[in-house]
Amino acid sequence: MLNIIEHQDLTLFNTFGIKAKAQKFVSINSVLDIKELILKEKIFGNKILILGGGSNVLFTQDFDGWVLHNEISGTDILEENDDFVLIQAGGGENWSDFVDYTVAHNLWGLENLSLIPGTVGAAPVQNIGAYGIEQKEHFTNLEAINLKTGEIISFTNNNCLFGYRSSIFKTTEKGNWFILNVTYRLNKKSHPVLNYAPLKAAFTEVDQKNIKASDISQKVKDIRNSKLPDPKVLGNAGSFFKNPVISQEQFKLLQGEFPEIPSYPQENGTVKVPAGWLIEQSGWKGKKYGNTGVHDKQALVLVNHDNAKGSEVKKLALQIQSDIKNRFNITIEPEVLML
Ligand code: EPU
């Protein structure tokens, strides 16, 4: 039986800790729950927000539609051989707990993605990535239900059109699907990915053969904890902006002026530059604006110091965006969904 709650307070359902209300709020615990909502309540066509851990959303006002909270749980090994495991997790499973589970079972693949807030179902939507890997590298498929028809289909890795913090669920298929479960293919054999410089540095003295997935996971947690605020202590949604990608020509000009600018050359000849660096150079790092501000250890993270309104955070984000445009002629796009 579905429990549809009206005017649900969302403060505890978003890691920014912003006060906002949902007109209607439903917990989805099973395929049956979501089918009932689609077929009996006919929610398609209304404003719908699928909420996982609420770690990538900024409420700038009350949400005048349906919030579907994905609480589908369960972790299953679907297939296993000497080399690989196919492991499936419910869309509502906590991502970080899922990674810990895989690491505890000596499975390789997701350890660099330790401690990322959010749910398993949200991971492919924005193709989460950190410390040298993206979830797409181990993703095999997901099952999702069509919010209009109730049809369940499997999306393969190719179908998802994964890009940097992007997938088909953020682009052409936005708003059409509810993700039920996700399957990853993980290695049983050692497979350390240490191309992120600070991670590499931490393991230079160690023989690669002796590194365990749990060692990398722990180091990633240490790095994250040193830079990124814990949402339970200081409201935030991780990186607020995506790292912009610019042309080689524009990068050369910029490098002429700022020789120390960090950069990540892309396969197609463009260059990704860290938005955190641009924001820090512009003097925003650690600045407080009323109840909101820019984190003092990572300029890409905006924080809720004390009961900030979503609109205040948005105003700060727009100011930073326009300042970066004026100084560097670079447009930084929000990674966080502003509603
Ligand atoms: N930098 C600064 N000042 C800052 C922040 C960064 O100069 O305040 C410089 C750093 O010195 C470094 C470069 O920018 O040279 C990159 O910084 P960092 O390694 O901290 O990573 P990022 O590009 O700021 C991205 C992801 C993070 C992910 C890290 C590590 C995006 C939008 N963000 O951040 O993901 O954890 O790399 O892989 O791509 C998230 O998406 O929410 C997130 C936290």
Problem set entry | Over 12 non-hydrogen atoms of neighbours within 6.0 angstrom of NZ in Lys21 | no
Exercise. When the ring planes of Phe258 and Trp277 are compared, do they come out parallel, tilted or perpendicular, using 30° and 60° as the limits?
Worked result: perpendicular
Problem set entry | Gap separating the CD1 atom of Ile211 from the CG atom of Leu194, nearest 0.5 angstrom | 5.0 Å
Exercise. In terms of the angle between their ring planes, are Phe63 and Phe59 parallel, tilted or perpendicular, with boundaries placed at 30° and 60°?
Worked result: perpendicular
Problem set entry | Non-hydrogen atoms of Asn243 and Ala275 that approach each other most closely | OD1-N, 2.8 Å
Exercise. With respect to Ser154, which candidate in Asn141, Thr140, Asn159 satisfies the side-chain hydrogen bond (donor to acceptor under 3.5 Å, both in side chains) definition?
Worked result: Asn141
Exercise. Should Ile38 and Leu32 be regarded as members of a common hydrophobic cluster, given that ILVMFWY residues are connected when their side-chain heavy atoms come within less than 4.5 Å of each other, either directly or indirectly?
Worked result: no
Problem set entry | Between Asn181 and Glu143: side-chain donor-acceptor atoms closer than 3.5 Å | yes
For this session: Give a yes or no on this: more than 12 heavy atoms of other residues, nucleotides or ligands lie within 6.0 Å of atom NZ of Lys309.
Result: no
Exercise. So, Asp222 versus Gln218: side-chain donor-acceptor pair below 3.5 Å or not?
Worked result: yes
For this session: Report the C-alpha separation of Gln88 and Asp76 in whole Å, then their side-chain angles, then the decisive distance to 0.1 Å, and conclude whether the side chain to side chain donor-acceptor pair (under 3.5 Å) test is met.
Result: CA-CA 5 Å; Gln88 183 177 77; Asp76 287 312; over 6 Å; no
For this session: Could you walk me through whether Leu228 and Val301 pass side-chain contact (heavy atoms from CB on, under 4.5 Å), step by step?
Result: CA-CA 8 Å; Leu228 300 166; Val301 179; 3.7 Å; yes
Exercise. In terms of side-chain geometry, is the basic nitrogen of Asp323 or Arg327 positioned less than 4.0 Å from the acidic oxygen of its partner?
Worked result: yes
Exercise. Step by step, would you call Val85 with Arg185 a side-chain contact (heavy atoms from CB on, under 4.5 Å)?
Worked result: CA-CA 6 Å; Val85 163; Arg185 186 175 191 260; over 6 Å; no
For this session: Output yes when a side-chain donor or acceptor of Asn70 lies under 3.5 Å from a complementary backbone atom of Ile179, and no otherwise.
Result: yes
For this session: May I ask you to decide if Thr171's main-chain N or O and Lys174's side chain share a donor-acceptor pair within less than 3.5 Å?
Result: no
For this session: Taking the side chain as every heavy atom from C-beta outward, state whether Trp108 and Pro192 have any pair of such atoms under 4.5 Å apart.
Result: yes
Problem set entry | Joint cluster assignment, Val31 & Ile48, ILVMFWY side-chain distance < 4.5 Å | yes
For this session: Begin with the C-alpha distance, continue with both residues' side-chain angles, and end with the deciding distance and a verdict on side chain to side chain donor-acceptor pair (under 3.5 Å) for Thr292 and Glu312.
Result: CA-CA 7 Å; Thr292 180; Glu312 280 179 274; over 6 Å; no
Problem set entry | Closest non-hydrogen atom pair between Leu278 and Phe328, with its separation | O-CE1, 3.7 Å
For this session: Would you check if there is a donor-acceptor pair between the side chains of Ser217 and Ser114 at a distance under 3.5 Å?
Result: yes
For this session: Test Val245 against every option in Asn268, Thr270, Val271, Val273 by the side-chain contact (heavy atoms from CB on, under 4.5 Å) rule and name the one that passes.
Result: Thr270
For this session: Hey, can you tell me if Tyr184 and Phe98 have their rings parallel, tilted or perpendicular (30° and 60° cut-offs)?
Result: tilted
Exercise. What about Phe25 and Trp66, are their ring centers closer than 6.0 Å?
Worked result: no
Exercise. Distance from Asn106 atom CG to Asn187 atom CG, nearest 0.5 Å?
Worked result: 12.5 Å
Exercise. Between Tyr289 and Leu300, is there a shared hydrophobic cluster once you connect ILVMFWY residues whose side-chain heavy atoms come closer than 4.5 Å?
Worked result: yes
For this session: Please indicate whether Lys47 has more than 12 foreign heavy atoms, meaning atoms of other residues, nucleotides or ligands, lying under 6.0 Å from its NZ.
Result: yes
For this session: For side-chain contact (heavy atoms from CB on, under 4.5 Å), just list the numbers for Ile279 and Ile332, CA-CA rounded to whole Å, side-chain angles, deciding distance to a tenth of an Å, and then say yes or no.
Result: CA-CA 10 Å; Ile279 297 170; Ile332 51 171; 4.1 Å; yes
Problem set entry | Short side-chain to backbone donor-acceptor contact, Gln248 and Gly269, under 3.5 Å | yes
For this session: Return the minimal non-hydrogen interatomic distance between Val57 and Val336, and the atom names on each side.
Result: C-CG1, 3.7 Å
Exercise. Is it true that atom CD of Glu79 has more than 12 heavy atoms of other residues, nucleotides or ligands lying nearer than 6.0 Å?
Worked result: no
Exercise. Rounded to the nearest 0.5 Å, what separation is found between the CG atom of Leu37 and the CD1 atom of Ile43?
Worked result: 4.0 Å
Problem set entry | Crowding at NZ, Lys188 (>12 non-hydrogen neighbours, <6.0 Å) | yes
Exercise. Which atoms form the tightest heavy-atom contact between Glu333 and Gln321, and what is the distance?
Worked result: CA-NE2, 4.3 Å
For this session: Check whether any side-chain heavy atom of Leu302 sits under 4.5 Å from a side-chain heavy atom of Leu316, and report yes or no.
Result: yes
Exercise. Crowded around Lys272 NZ? As in, over 12 foreign heavy atoms under 6.0 Å?
Worked result: yes
For this session: Can you measure from CG (Leu147) to CH2 (Trp177) and round to the nearest 0.5 angstrom?
Result: 9.0 Å
Problem set entry | Contact summary for Arg224 and Ala130, nearest pair of heavy atoms | NH1-CB, 4.3 Å
Exercise. Do Ile152 and Ile34 belong together in a cluster built from hydrophobic side chains that touch within less than 4.5 Å?
Worked result: yes
Exercise. Is the closest side-chain heavy-atom distance between Pro274 and Tyr264 below 4.5 Å?
Worked result: yes
Exercise. Should the pair Asp296-Lys227 be classified as a salt bridge under the 4.0 Å nitrogen-to-oxygen rule?
Worked result: no
Problem set entry | Same apolar cluster (I L V M F W Y, side chains within < 4.5 Å links), Ile77/Trp95 | yes
Exercise. Is it true that Trp284 and Phe241 have ring centroids separated by less than 6.0 Å?
Worked result: no
Problem set entry | Exceeds 12 heavy-atom contacts within 6.0 angstrom, atom NZ of Lys242 | yes
Exercise. Does Lys314 NZ have over 12 foreign heavy atoms under 6.0 Å away?
Worked result: no
Exercise. Is there a donor in the side chain of Asn329 and an acceptor in the side chain of Lys325, or the other way round, less than 3.5 Å apart?
Worked result: yes
Exercise. Are side-chain N/O atoms of Asn146 and Glu151 paired as donor and acceptor at under 3.5 Å?
Worked result: no
Exercise. Does one side chain, of Asn158 or Thr156, offer a donor that lies under 3.5 Å from an acceptor on the other?
Worked result: no
For this session: For the pair Val303 and Val313, evaluate side-chain contact (heavy atoms from CB on, under 4.5 Å) and give the outcome as yes or no after the intermediate values.
Result: CA-CA 8 Å; Val303 295; Val313 181; over 6 Å; no
Problem set entry | Carboxylate-amine/guanidinium contact Asp83 Lys189, below 4.0 Å | yes
Exercise. Do Leu254 and Ile246 have side-chain heavy atoms sitting under 4.5 Å apart?
Worked result: yes
Exercise. Do we see a donor-acceptor contact under 3.5 Å between the side chains of Asp62 and Gln23?
Worked result: no
Problem set entry | Taking every non-hydrogen atom, the tightest pair across Thr172 and Ile168 | OG1-CG1, 3.3 Å
Problem set entry | Min side-chain heavy-atom separation Val220-Glu111 under 4.5 Å | no
Exercise. To the nearest 0.5 Å, how far apart are OG in Ser311 and CG in Leu318?
Worked result: 11.0 Å
